[in-house]
Each structure stands twice: as C-alpha cells, then as structure tokens.
Amino acid sequence: MQQLDWSNLAFKYRKTNAAIISRYAGGEWSAPAAVREFELPFNLYAGVFHYANSCFEGLKAFRGVDGKVRLFRPDENAARLRRSAAHLDMAAPPESLFLEMCLQCVRENIDFLPPYGFNASMYIRPVLIGVNPQLGIASSDEVLFAVLGSPVGTYSGAAGLSTGTAVLSRNYDRAAPNGTGSYKIAANYATSLHPYNLAHKQGYRELLFLDPATKTHIDEFGSSNFLAIKGNSYVTPLSDSVLPSITNKSLQQVAADFGMKVEKRPVPLEELAEMDEVNACGTAVVITPIGSLDDKPTLESAEITRTYRFGDPAKCGPVSEKLYRRIRGIQDGTEEDIHNWCVEL
Ligand SMILES: Cc1ncc(COP(=O)(O)O)c(C=O)c1O
C-alpha cells in the first residue's frame, strides 16, 4: 500500500483492502465475506440499475488519542438503513449483522485508518442494493449488502469551491411533499445532481433546499442538515422532507448539555436574517460554517436578489466551534462519552 498523506485525504474514492458483503435471498442472509476486488458481476436487469432499488448509510471510525478505534453511533445508522429499506420494501440486515460487518470492514482496512491528530477518519459506507433480474417496476427480492471503508479528511464537495458559500435552490426540489426526502435512498441524490452541478459551476459549495410544499421554509442542504445558532438557541428545521441526521441529533444533545435551548421547528426563510451562525452538519461535513448564502430567482439566473451573511466562511462561529469540539472530542476519545455513543473495535 502506498503511504497516504493523512493531512490531505479530502473526501474521495480510494481502493482499499476489502469490502464486506452479504447477500439476502430466500429469507436468509449469507455469512459476511471480505472481497478484495470491488468490481462484482451483476445482472443488467437488476432493479438497482433501473428503479433505484438502493439505500445506503454513512458513518465514521476514528483512531483515538488513546489508540482505541471508535465507531460513532453505528446503531443509529443500522436503524436508519432499516427504515430506508422498509420504505423501498426491501430486506435489510438486522442491527447485529450491520454492526458485525462495519467492524469487520474497519479491521480488514485497518492500515487505511488515519492516525489520531490529522482530523481524518475512516468513512464507512454501507450500501444495500436490489440485485435480482426484473423488468417490471418492483421492489427487489434479492439484495446485496456491502460495507465499504475509505480514509477521508475534510469534505469540500467538488474541487476548487470556496468554503462556506451557499446558494438557495428555488427552482429545484430534492424531495416532494409526502415523498422520500426523509429516507437515505439513492433516488434522492439523483434529484440533486443537476442543481448541485449548476451551483458548483458558479463556485458555490453548498445548495440549500426549501420545503417542497410551500417553498417558504428551510429544509436542508443537499448533503447535510441545516443548523443555526440564534442567541442561546440551537435552531434546526422540523420537516418531513429532510434526512434525520445522526450528527444533528447528537449536536442537539450536546447543545442541551451546554445548557442551550434546542429549537427543532419549521424555520421560515426570512428568519435567516436573524441567525448569528449558520452551518451545514452531517457525518461527512461534521459542522461546516456557511459564511454567506445567495438568493437567486433561479439557479440558472445571473441575478442575485439577496445575500445573507453569517460570518467567516472558513471558520465556525464561537458557539458552533464549542459544539464541534465537543463532538469531535467524543469521537477522538479526548472528551468523555457520557451518552455512550461510541462503539469500540
Ligand atoms: C441529505 C443529507 N442530509 C443530512 C445528512 C447528514 O446525516 P448524518 O449526520 O446522519 O450523516 C446527510 C448525510 O448523510 C445527507 O446526505
């Protein structure tokens, strides 16, 4: 294995030692197996290729200050995958199998786990896809569950984008009212590819979606939840069409531990002008500051009708920084894990 530059990992594909797979057919999951080649043969009629019979997860493993390896809240990811799969009417691995395969994935790829001190981690990507051949639109009877692990540093979206810049998506929605926005299914990400490309071409790093029913309230960013600090409050949108982020859920607890008021409620767009700090939060981005947000009539338009400014685009505001340090400390073993969130290898 070539020596990795742990300080400059970014968030990108790397071939690692092994992926762990299990197949579900006839009501049974096969014993997990490590595969060294990632190019597997699939029937071209598999549902995953046509009807997006696919859902996935994202979590991280960290090498702590004490040398221990910690996975952050894998039980939450297991539960969310089961919820997503249930919405697709596909079989999902039980929590015990999910956890076993995540741990095996880290063990098999342990030489790719970044050492402590580089603000880097191993991103674990469990993915569940429908593999039996089919022609009609139907949920898959046979599924493949794979757990992949890749070393990652900070998430900067596409290359060359300014940190902390975002644009509002007025003419594209990532979710529909009564749709699938709250599930981590592949189809949701297909919806946001084109608007993301438009935003990225204009140099914006993030894209903020509005609630699809009324377009008056904030939903979330395409790859992360929205979190704002307003006085002593932690404010995050309550909406049926946003992904229930495990990072956001954890940060709400951390904020409450700090004595902050946690407000999970509909957030009107106009309230942006009253926010002290605005961030994107999620497993990949952790807490990433949003320094400015442009409002445009459409993503294609050259006109900017309003710019909201929230502070330094390259640095979290003071309250967000405090939350960031606490959560990263728990992951790195420098802060006490009082809520028992981490699972040790
Ligand atoms: C659309 C979307 N929202 C929010 C999140 C953050 O969720 P989590 O904190 O569980 O990673 C993600 C990333 O997983 C995401 O893709």
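In what follows, every heavy atom counts, from backbone to side chain, and hydrogens, waters and symmetry copies are set aside. Counting starts at 1 for both ligands and their atoms, following the listed order.
Listed by number with element, the atoms of ligand 1 under 4.0 Å from a non-hydrogen atom of Y189 are 1 (C), 2 (C), 15 (C), 16 (O). Near R80, with a cut-off below 4.0 Å to any heavy atom, the atoms of ligand 1 are 7 (O), 8 (P), 10 (O). The ligand atoms of ligand 1 that sit less than 4.0 angstrom from a heavy atom of E220 are 1 (C), 2 (C), 3 (N), 4 (C). For ligand 1, the atoms closer than 4.0 angstrom to any heavy atom of G222 are 1 (C).
Distance from atom 12 (C) of ligand 1 to its nearest protein heavy atom, with residue and atom name: S223 O, 3.3 Å. For atom 11 (O) of ligand 1, the nearest non-hydrogen atom of the protein is T283 OG1, 2.6 Å.
Counting non-hydrogen atoms of other residues, nucleotides and ligands closer than 6.0 Å to NZ of K215 gives a total above 12.
To the nearest 0.5 angstrom, R328 atom CZ is 11.0 Å from I287 atom CD1.
Each of L299, T298, L210 was compared with R170 under the side-chain contact (heavy atoms from CB on, under 4.5 Å) criterion, and only L210 meets it.
The aromatic ring centres of F56 and Y189 sit less than 6.0 Å apart.
Residue contacts with ligand 1 leave out E57, since none of its heavy atoms falls under 4.0 Å from the ligand. At least one heavy atom of R174 sits closer than 4.0 Å to an atom of ligand 1.
S223 and E206 make their closest contact through OG-OE2, 3.1 Å (heavy atoms, listed as atom of the first residue, atom of the second, distance).
Residues V278 and P289 are not in side-chain contact: their nearest non-hydrogen atoms beyond the backbone lie 4.5 Å or more apart.
With a 4.0 Å cut-off on non-hydrogen atoms, S245 touches ligand 1 through its backbone as well as its side chain. Only the side chain of K184 comes within contact range of ligand 1, with a heavy atom under 4.0 Å; no backbone atom does.
Using a 30° and 60° split on the angle between ring planes, F11 and Y123 fall in the perpendicular class, above 60°. Relative ring orientation between F98 and F145 is described as parallel, the plane-to-plane angle staying below 30° on a 0-90° scale split at 30° and 60°.
Distances from atom 6 (C) of ligand 1 to the heavy atoms of G282, G181, P244 show the closest one on G282.
Checking only distances, L243 never comes within under 3.5 Å of ligand 1, N or O to N or O.
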